[in-house]
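Each remark here refers to the structure printed beneath this line.
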Amino acid sequence: MERNPIRRQLAIMRQSLFDQGHVDEQFVQLEELQDDANPNFVEEVVTLYYRDSARIILNIEQALERKPFDFRKLDAYMHQFKGSSSSIGAKKVKAESTLFRECCKSGNGEGCMRSFQQLKKEYATLRKKFGAYFQLARQAGPVETASRPK
């Protein structure tokens, strides 16, 4: 068991991201890329995700304002957004992206609107949780990692 109370709290917070279904195995793979040479790698990747994905969300919002819906364009935007979300392991966001794309493929504009609203909620929730997680990680400081046996 971790002796440092901040580290223990961080481990609990991390586990809750998985337990609540917010992140998946891809997040672990991202963490495995972090090392002493780049101790903030995961936070930097997640920060870039939110910066870049904000533009895609804006594009989707603008496309949803135009009638009739251009389902091909909406699907293309969401395909890009889903790929970005998958790369950080954003499980619930990715699931909503899939629903949105299914609505596009079936020409269901109302479904697209509902799915997009839920997607934005999941996106904002995860952003808030990541913010708290990375803030605590910065307080905890660098982790002493054991090297893998060769």
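To the nearest 0.5 Å, the span separating CD on Gln139 from CG on Asn4 amounts to 10.5 Å. Between the CD1 atom of Ile12 and the CZ atom of Arg14 there is a distance of 13.0 Å, given to the nearest 0.5 Å. Expressed to the nearest 0.5 Å, how far NZ of Lys82 lies from CD1 of Ile56 amounts to 14.0 Å. Atom-to-atom distance recorded for Lys121:NZ and Gln117:CD is 7.5 Å, nearest 0.5 angstrom. Distance check: Tyr49 OH to Leu126 CG gives 7.0 Å after rounding to the nearest 0.5 Å.
Side-chain contact between Gln62 and Leu58 is present, with at least one heavy-atom pair separated by less than 4.5 Å. Side-chain contact between Glu25 and Gln29 is present, with at least one heavy-atom pair separated by less than 4.5 Å.
In terms of modelled atom types and a separation under 3.5 Å, the side chain of Tyr50 and the main chain of Tyr123 share a donor-acceptor contact. A donor-acceptor pair is defined here as one N or O able to donate and one able to accept, closer than 3.5 Å; no such pair exists between the side chain of Ser115 and the backbone of Cys112. With hydrogens and angles ignored, the 3.5 Å screen pairs a side-chain donor or acceptor of Lys92 with a backbone N or O of Gln20. Under a 3.5 Å cut-off, the side chain of Ser106 and the backbone N or O of Glu102 do form a donor-acceptor pair.
The residue from Arg127, Lys91, His22 that alone fulfils the side chain to side chain contact (heavy atoms under 4.5 Å, CB included) condition with Glu122 is His22.
The six-membered or imidazole ring of Phe81 lies away from that of Phe116, with a centre-to-centre distance of 6.0 Å or more.
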Report the C-alpha separation of Met78 and Leu119 in whole Å, then their side-chain angles, then the decisive distance to 0.1 Å, and conclude whether the side chain to side chain contact (heavy atoms under 4.5 Å, CB included) test is met. CA-CA 11 Å; Met78 191 54 72; Leu119 179 144; 3.8 Å; yes
Before you tell me yes or no, could you show the steps for Gln26 and Lys94 under side chain to side chain donor-acceptor pair (under 3.5 Å), namely the whole-Å CA-CA distance, both residues' side-chain angles and the distance that decides it to 0.1 Å? CA-CA 12 Å; Gln26 184 61 38; Lys94 185 174 78 172; over 6 Å; no
Steps toward side chain to side chain contact (heavy atoms under 4.5 Å, CB included) verdict (Gln34, Asn38): CA-CA 6 Å; Gln34 185 164 292; Asn38 198 351; 5.9 Å; no
Can you check side chain to side chain contact (heavy atoms under 4.5 Å, CB included) on Val93 and Glu96, steps first, answer last? CA-CA 5 Å; Val93 173; Glu96 286 301 326; 5.9 Å; no
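A pairwise comparison of heavy atoms in Leu74 and Cys104 identifies CB-SG, 3.7 Å as the closest pair. Shown here for Phe18 and Val28, the closest heavy-atom pair between the two residues is CZ-CG2, 3.5 Å. Heavy atoms only, all atoms of each residue included: Leu64 and Lys67 are closest at O-NZ, 3.0 Å. Between Phe100 and Ile60, the closest heavy-atom pair is CZ-CG2, 4.1 Å.
Within a 6.0 Å radius of NZ in Lys128, other residues, nucleotides and ligands contribute 12 heavy atoms or fewer. Counted within 6.0 Å of NZ on Lys105, heavy atoms from surrounding residues, nucleotides or ligands total more than 12; the atom is thus considered enclosed.
Neither Leu48 nor Val42 shares a network with the other; the hydrophobic side chains, linked directly or stepwise wherever heavy atoms of I, L, V, M, F, W or Y lie under 4.5 Å apart, form separate groups for each. Under the 4.5 Å side-chain heavy-atom criterion for Ile, Leu, Val, Met, Phe, Trp and Tyr, Met13 and Leu17 are members of the same hydrophobic cluster. The hydrophobic clustering, which links ILVMFWY residues whose side-chain heavy atoms are closer than 4.5 Å, places Val45 and Leu136 together.
Using bins of under 30°, 30° to 60° and over 60° for the plane-to-plane angle, the ring pair Phe130/Phe134 lands in the parallel bin.
Side-chain contact of Glu44 with Asn40: a donor-acceptor pair under 3.5 Å is absent, judged by distance alone.
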